[in-house]
Amino acid sequence: MGNIYEELGVRTIINATGPSTRLSGSIMVDEVSTAMKRASEHCVDIAELQAWAGGVISEITGAEAGYVTSGAAAGLLLGVSACVAGLDPGRMNRLPDLTGMKDEVIMPRSHRNFYDHAIRAVGVKLIEVGIADRFSGAGVRDTEAWEIDDAITDRTAAVAYVMNAHAQPSLPEVVEVAHARGVPVVVDAAGQLPPQSNLKRFIEEGADLVCFSGGKTIRGPQSSGILCGKWDLVSSAALQHLDQDVYAELWDPPPSLIDKERLPGAPQHGLGRPCKVGKEEIVGLITALRIFVAEGDEVRAERWATSIRSLGEALEGLPNIVVETLINPGRPVPMLRLKLDEDKSGMTAVSLAKQLIKGDPCIHPGTGEMYEGELSFGPMCLRDGDVEAIAKRLGEILKG
Ligand SMILES: *Cc1c(COP(=O)(O)O)cnc(C)c1O
């Protein structure tokens with residue numbers, strides 16, 4: 001079958017940036033899209049399907065419970081809703097009115113980012129802690145665990161933690177102070193794969209809830225994600241997410257996800273209802289997750305390295321650039337770094353990026369170091385033929 005976007009009159013791009021939402025996430029393998037199509041051919045009870053998916057997620061992450069969300073950001077919203085409302089259906093129904101509930105979430109100041117809209121949407125106030133003067137060049141420190149402890153009060157519903165390689169303070173330190181005060185820790189690990197050991201790591205380090213994106217490295221549906229962690233929190237998230245348009249007498253949720261006996265009654269549609277997930281996404285995400293785990297870091301890294309090496313070879317001899325392939329076992333995702341000689345070429349890396357994006361084919365490079373005269377090319381969303389097309393287009397531009 002041909003390119004559907006050609007039929008639709010929508011241009012496709014060569015994505016060397018990687019699986020970003022703006023560029024439509026990753027590319028699903030046939031097994032995943034086939035599973036989604038097959039999922040679309042029958043109706044099921046969504047709660048039962050989520051309970052099954054949760055079982056697979058638990059097994060893979062080591063968490064007590066798991067759930068499929070519509071993305072990592074949705075996982076933050078559901079997770080914080082769970083920390084605030086617990087297993088109290090009255091509270092669930094009242095959100096985001098937090099009258100009488102814990103209404104603050106603590107976050108190290110250096111972790112703040114605009115995905116925290118998903119946290120603030122629950123109605124909580126974000127309490128920023130610490131000063132990250134290591135970023136201003138004025139100092140060396142970041143938020144420290146004792147400062148989080150210092151900020152915890154009886155209004156603290158959770159500590160939110162955004163994981164990345166340089167995140168401070170360390171997760172175990174944050175967990176230690178939060179748990180000592182009975183406060184759960186919610187981890188945004190949206191893009192923290194590979195290594196796939198991270199699927200287990202943050203749970204092992206004591207996080208109460210962890211969110212991953214399904215549409216990034218896992219190569220699941222673009223609008224999917226994982227929420228995993230403590231059973232009662234995941235259960236609360238499920239209760240605030242699942243459609244509840246059902247007579248109480250007929251409500252019979254799967255016990256592995258929702259313990260009806262522990263609830264005074266069934267909540268209505270919750271705050272998380274707009275983040276709904278279809279059966280196709282649930283089946284697609286779990287299929288992709290199983291494939292991701294089965295492939296393993298080494299085979300995946302070699303698959304990626306192969307396309308980066310061939311891009312490096314294809315760029316050999318082009319004028320006014322120095323190309324470096326960054327492939328090593330310590331590096332989760334290999335990439336190619338292109339350093340432009342801005343004086344000799346008479347153009348800046350910014351204008352080179354613009355020409356790549358505006359040209360035909362449309363090519364999106366990595367632009368994180370653009371203002372330092374560098375572009376990068378990542379392997380995660382490249383298709384067959386893309387390496388040759390990138391080399392050809394770069395040749396056209398650089399040779400004038
Ligand atoms: C990508 C990302 C998100 C959002 O993930 P979605 O799955 O698109 O909702 C949230 N937080 C961080 C740090 C991210 O990188």
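In each ligand, atom 1 is the first atom listed, and ligand 1 is the first ligand listed.
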shortest atom 9 (O) of ligand 1-to-protein heavy-atom contact is with A73 N, 2.9 Å

Not counting sequence neighbours, which residues clear side-chain contact (heavy atoms from CB on, under 4.5 Å) with N198? List them please. Q192, L193, P195, R201, F202

Heavy atom of the protein closest to atom 5 (O) of ligand 1 (residue, atom name, distance): S213 OG, 3.0 Å

K216 touching ligand 1 at heavy-atom level, < 4.0 angstrom: yes

Under 4.0 Å from ligand 1, counting heavy atoms only, is it the side chain of A190, its backbone, both or neither? side chain

Any donor-acceptor N or O pair under 3.5 Å, side chains D208, H179: yes

Closer than 4.0 angstrom, basic N to acidic O: yes or no for R300 and E295? yes

for atom 11 (N) of ligand 1, nearest protein heavy atom and its distance come out as D188 OD2, 2.6 Å

Please confirm whether R219 makes a cation-pi placement over F292, using NZ or CZ under 6.0 Å from the six-membered ring centre and within 45° of the ring normal. no

Indicate if W231 and V175 have the same hydrophobic cluster label, given that clusters are the connected sets of ILVMFWY residues with side-chain heavy-atom separations under 4.5 angstrom. yes

Short list, please: which atoms of ligand 1 are under 4.0 Å from a heavy atom of T21? 8 (O)

The option among Y115, F114, F212 carrying the non-hydrogen atom nearest to atom 4 (C) of ligand 1 is Y115

As an exercise, identify every atom of ligand 1 less than 4.0 angstrom from a heavy atom of G71. 7 (O), 9 (O)

Gap between atom OG of S376 and atom CD of E324 - 0.5 Å precision: 12.0 Å

